[in-house]
Number of protein chains: 2
Amino acid sequence: MEFSIRCQNCSFSHLCIPFSLSDSEISVLDDIIRRNKPLQPGQCITEYGKPLTSLFAVRSGSFKSYIMSADGEQQITGFHLPGDIIGFDGLSTQSHQSFTQALETSMVCEIPYTMLDDMSSTLPALRRQMTKLMSEEISHEQQVLMLINKRNAQERIIHFLLNLSARFKARGMSGSSFNLTMTRGEIGNYLGLTVETVSRILSKLNKQNLISVDGKLIELLSIDGLKEELSDSAPLSSACR
Amino acid sequence: MEFSIRCQNCSFSHLCIPFSLSDSEISVLDDIIRRNKPLQPGQCITEYGKPLTSLFAVRSGSFKSYIMSADGEQQITGFHLPGDIIGFDGLSTQSHQSFTQALETSMVCEIPYTMLDDMSSTLPALRRQMTKLMSEEISHEQQVLMLINKRNAQERIIHFLLNLSARFKARGMSGSSFNLTMTRGEIGNYLGLTVETVSRILSKLNKQNLISVDGKLIELLSIDGLKEELSDSAPLSSACR
DNA sequence: CGGCTAGTTGACTTTAGTCAAACACCGTGG
DNA sequence: CCACGGTGTTTGACTAAAGTCAACTAGCCG
């Protein structure tokens, strides 16, 4: 059936768990993966507190993950594109720590975790890749912390756009023209800004002809110009020794 | 010699890699661990770009980890207490992604990584514990992102103090009275605040008799009162739907 | 057509940052 | 023993960046 694309011919496998596995190893992995029907925008694949039985790999579309505070406030912790793995934060308790919601019609590969863990004892390359992916997530979150703590609103948004651009490019899509599947509010939530600030800065960058904004459609007109804007701003803060 | 405390009688093993390993498994682990001489304040155990050959477990004292941006700006990503594992962020590239510096005279257990990885193929409990520790680090960083993005200066500092308190308590030390081994500047750097703001808020909490500040020595006079301060403040922001 | 959500823009406010000055603490060396 | 320099901390006065509040527009879908 149509949902059954295999890892062997998946164009995102170099970003995903199969990276650096041999063909035979990939085939073993492929056998345990479940590919379900597409998800509609708004549908959740993980919810806080639910038992973690599988990890998910984004097959197509996009997702947001968010945690929720005691008072019900959301904090978006990441946006996921094809090839990304979802669920690492739940492995410590074997129950999900965050919510993950489809931003558009999307598909995922579901990877039963106990099987994956079992396989990793006999396949060192698989174990190493899992470790690598988790380690990358830790490093990435550290970079986000610096972005939020040390950069102003415009710098955060430019970083965000450039990061999206690079990730689209790594997936064989255009890095200069893409659709935002998240709202301005979701971008702001992630970056610690309000909707208004996000909107104002996108308008400003648009006016400067650095980007072209047409609703959800974003074109990066001058990536160099955008990077220029980053280095222009105050290079050192007093918080740094 | 005096540096050779073993995992078997280490009082932090329940927080560390040995957790949930059997006695015989701990003994295998213990054999690969190197215990070097104490580190002086300011000494680094990891530096960006250096090959990662070992992970480190804090044995005594405390550390800060920080990443550095292209323009030399530091972002502190965490403070480490006994039992904490240092180095997960470097596993993806097999080279360290951050700097880790002793804040006081401290000792670490050095765990050669290839040996640890080899062991994890035959010891599922070890593999699971490593995964658990990495997963916890991911979850923790997500919580920090929410703290920085959604909480004001006072809330960040109270959270920071309560978190330190809980961690000291989990290590059998007083959760109500402790020494800050980091400077106000380092606290501010971590929380995205300036030295002045940190100082002002500590003074304010001191004046409110919620804490007592005497230089580096902090006493939490009313943990309930501090938590009260958290829930008092604006419960919902407009960034949340 | 009407109602809803998302997005934009303007006017005003607030929080934390900046700049500056002074103090405390600590180790060094005369 | 005390003077000195350095780093860390505190406090005050002022500023600026982003948040808040509000009004309005643009799509979208029933």
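Heavy atoms only: backbone and side chains are in, while hydrogens, waters and symmetry mates are out. Below, chains carry the letters A, B, ... as their sequence lines are ordered, and counting in each starts from 1.
- When the side-chain nitrogen and oxygen atoms of A/T197 are compared with OP1 and OP2 of D/dG19, one or more of them lie within a distance under 4.0 Å.
- The separation between A/K204 atom NZ and C/dT9 atom P is 14 Å, rounded to whole Å.
- In terms of phosphate contacts, B/R200 brings no side-chain nitrogen or oxygen within less than 4.0 Å of OP1 or OP2 of D/dT11.
- The side chain of B/T183 approaches D/dG8 more closely than any other nucleotide in the set D/dG8, C/dT8, D/dT10.
- Atom CG in A/L180 sits roughly 14 Å away from atom P in C/dA6 (whole-Å rounding).
- One atom, CD of A/E155, and another, C1' of D/dA18, lie 14 Å apart when rounded to the nearest Å.
- In the set D/dT10, C/dC19, D/dG19, C/dC19 carries the atom at the smallest distance from any side-chain atom of B/E196.
- The backbone N or O of A/Q74 lies less than 3.5 Å from a partner atom in the side chain of A/N189, making a donor-acceptor pair.
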Side-chain donor/acceptor pairs under 3.5 Å, residues 210-219 of chain B, sequence neighbours excluded:
from, atom 1, to, atom 2, distance (Å)
B/K216, NZ, B/M182, O, 3.3

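- One finds the CG atom of B/D89 at 8.5 Å from the CE atom of B/M134 (value rounded to the nearest 0.5 Å).
- Taking every side-chain heavy atom of A/N152 into account, D/dA18 is the closest of D/dA18, C/dG7, D/dT10.
- Within the structure, a side-chain polar atom (N or O) of B/T194 is placed less than 4.0 Å from OP1 or OP2 of C/dG17.
- By the ring-ring contact (aromatic ring centres under 6.0 Å, His included) test, A/F88 pairs with no residue at all, sequence neighbours left out.
- Residue B/K216 has its side chain nearest to D/dG8 when only D/dT11, D/dA18, D/dG8 are considered.
- Among the protein residues, A/S199 comes within range of the nucleic acid bases, having at least one heavy atom under 4.0 Å from a base atom.
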